[in-house]
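Here the structure comes first, spelled out in structure tokens, and everything after it is commentary.
All values reported here derive from a predicted model rather than from experimental measurement. In each ligand, atom 1 is the first atom listed, and ligand 1 is the first ligand listed.
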Amino acid sequence: MHVRTEAFIQDSTAAVQNDTLQSRLRVLTSFTVKRNAAFAQLEDGEALRDQARAIKEKTISNLDAYLTELEDNILRLGGKVHWARTGEEACAIVLDLARKHDVRRVVKGKSMVTEEIELNEALEREGIEAVETDLGEYIVQLAHEKPSHILAPAVHKSKQDISDLFADKLGTMNLKDAEEMTVVARERLREIFCTADMGITGANFAVAETGTIVLVENEGNIRLSTTLPRIHVAVMGIEKVIPSLDDLAVFLKILARSASGQKMSSYVSFITGARRTREVDGAEEFHLILLDNGRTRILADEEIRESLYCLRCGACLNVCPVYQKLGGHAYGSVYSGPIGSILTPAFAGLEKTKDLPFASTLCGACREICPVRIDIPRILLKLRSEWSEGGRDYAAGSSFLERLSIKLWAFAMRRPLVYSSLFRVAAFLQGPMLEDGKIKSLPLSLGGWTQNRDFPALARKSFRSMWRDEHRGE
Ligand code: SF4
């Protein structure tokens with residue numbers, strides 16, 4: 001997996017200074033509002049999350065058995081199963097299939113795992129045209145960019161950006177609204193769907209007991225990618241297997257709600273083998289590639305194993321205060337945001353990606369919102385301590401004043417009396433720095449903390465004293 005995380009500091013500095021990006025990223029809050037409203041309507045939302053986590057725990061602990069069951073069932077249905085240890089092996093399998101079937105054009109459904117293994121690049125090197133058919137993916141492909149969000153790949157682009165891009169690449173006039181742009185993309189893609197030889201998708205789930213690949217989407221492009229071309233290849237990380245259709249029902253109730261606030265996505269496709277005699281649609285051949293690419297290494301590490309439970313819903317990105325300022329590209333990896341800060345080091349090694357676990361406030365919002373309750377902050381702390389082993393100090397480059405402040409903070413945090421006294425003094429002294437109830441600029445070398453965001457004013461009364469006042473006499 002190719003990563004560009006060495007440039008994280010420069011790229012994130014550029015991201016926070018990019019006004020267009022900052023205005024686009026404000027949309028993330030609305031995703032969370034919709035997600036919360038969708039869960040509020042579910043009577044058993046919290047119980048479903050517990051159930052989903054329990055299913056993942058059980059499956060990941062018995063991954064070999066479920067994968068074997070899945071393979072047996074797919075073979076029974078006439079499909080083919082390929083095992084790939086690395087991204088290169090997975091790409092080689094696809095290329096081999098493409099050569100055997102004289103494939104010149106491929107249509108692709110949105111798939112993070114094919115981004116992870118850089119399948120498009122591998123196909124292009126062989127002279128095979130690979131066209132992304134999800135609208136957001138189509139846009140970033142036209143722009144020669146990478147997706148910046150698991151769910152909304154082009155979230156960083158404004159309408160005007162997309163209009164300019166279409167004018168440049170597709171020769172359209174100055175399109176004004178999203179509807180017009182969608183019509184243009186749909187017309188272009190229809191023609192491509194009808195002439196593609198191979199459809200490539202990921203898989204949201206694979207049901208072991210039936211050999212069914214389940215694909216969740218809103219645009220219908222995956223339906224076309226899996227039914228029009230002669231060959232359908234699904235590329236799937238080994239962690240996506242689930243035991244049964246009953247388990248699937250649990251995940252379908254929480255996935256779309258977490259991702260987009262929908263009760264259910266517009267299309268849920270169940271691919272159970274290739275087209276059978278008397279069936280009118282479906283691919284003539286079905287292949288499933290089961291990809292490891294570092295997943296068994298994660299599986300072997302009990303402390304980070306739960307990152308394999310991830311459903312790729314994107315909810316933790318939307319709620320993360322760091323992602324909300326940076327967007328996805330600064331992370332330098334196909335997996336961004338809180339879950340990306342765990343997966344990228346796990347896949348690419350901590351040496352290259354050391355900045356990512358430190359790019360978090362550890363506020364815990366990601367853990368709170370995650371439909372399978374992955375304890376992301378705990379894993380981030382584990383990665384931080386792993387990197388710091390042997391006396392390495394991540395904060396070595398910070399100023400004396402900043403380091404002193406952190407030491408004083410740590411000292412006070414361990415002594416409640418000192419902490420509350422310091423707070424009272426600071427709340428009294430902050431007056432001259434306040435502007436509209438916020439601290440817009442901290443002095444001297446602490447100024448970095450307010451360079452790109454404001455601090456809320458320190459409360460005059462601590463939580464403890466408010467609690468005491470509230471409960472006096474009880
Ligand atoms: S870690 Fe949880 S919230 Fe984040 S993408 Fe994965 S499933 Fe969704």
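Shortest contact from atom 5 (S) of ligand 1 to any protein heavy atom: G314 N, 3.3 Å. Scanning all protein heavy atoms for the shortest distance to atom 8 (Fe) of ligand 1 gives C313 SG, 2.3 Å. Remark: minimum distance from atom 7 (S) of ligand 1 to any protein heavy atom is reached at L311 N, 3.2 Å. Taking atom 6 (Fe) of ligand 1 as the reference point, the nearest protein heavy-atom neighbour is C310 SG, 2.3 Å.
Salt bridge status for R373 with D50: present, with a side-chain N to carboxylate O gap under 4.0 Å. Using a 4.0 Å cut-off between a side-chain N of Lys or Arg and a carboxylate O of Asp or Glu, D301 and K382 qualify as a salt bridge.
Using a 4.0 Å heavy-atom cutoff, I369 is absent from the residues neighbouring ligand 1.
Numbered from 1 in the order shown, with element, the atoms of ligand 1 that lie under 4.0 Å from a heavy atom of I339 read 1 (S). The atoms of ligand 1 that sit less than 4.0 Å from any heavy atom of P371 are 2 (Fe), 3 (S), 7 (S), 8 (Fe).
Between W387 and F358, the ring planes lie perpendicular to each other; the angle is over 60°, past the 30° to 60° tilted range. Under the 30°/60° scheme for interplanar angles, the aromatic rings of H329 and H156 are found to stand perpendicular.
With R24 contributing its side chain and K157 its backbone, the two residues share a donor-acceptor pair below 3.5 Å.
Contact annotation: C316 places an N, O or S atom under 2.8 Å from atom 4 (Fe) of ligand 1. Atom 8 (Fe) of ligand 1 has no N, O or S atom of C370 under 2.8 Å away, backbone or side chain.
For the pair L215/F205, no side-chain contact is recorded, criterion being any heavy-atom separation below 4.5 Å from C-beta on. V131 places none of its side-chain heavy atoms less than 4.5 Å from the side chain of V106.
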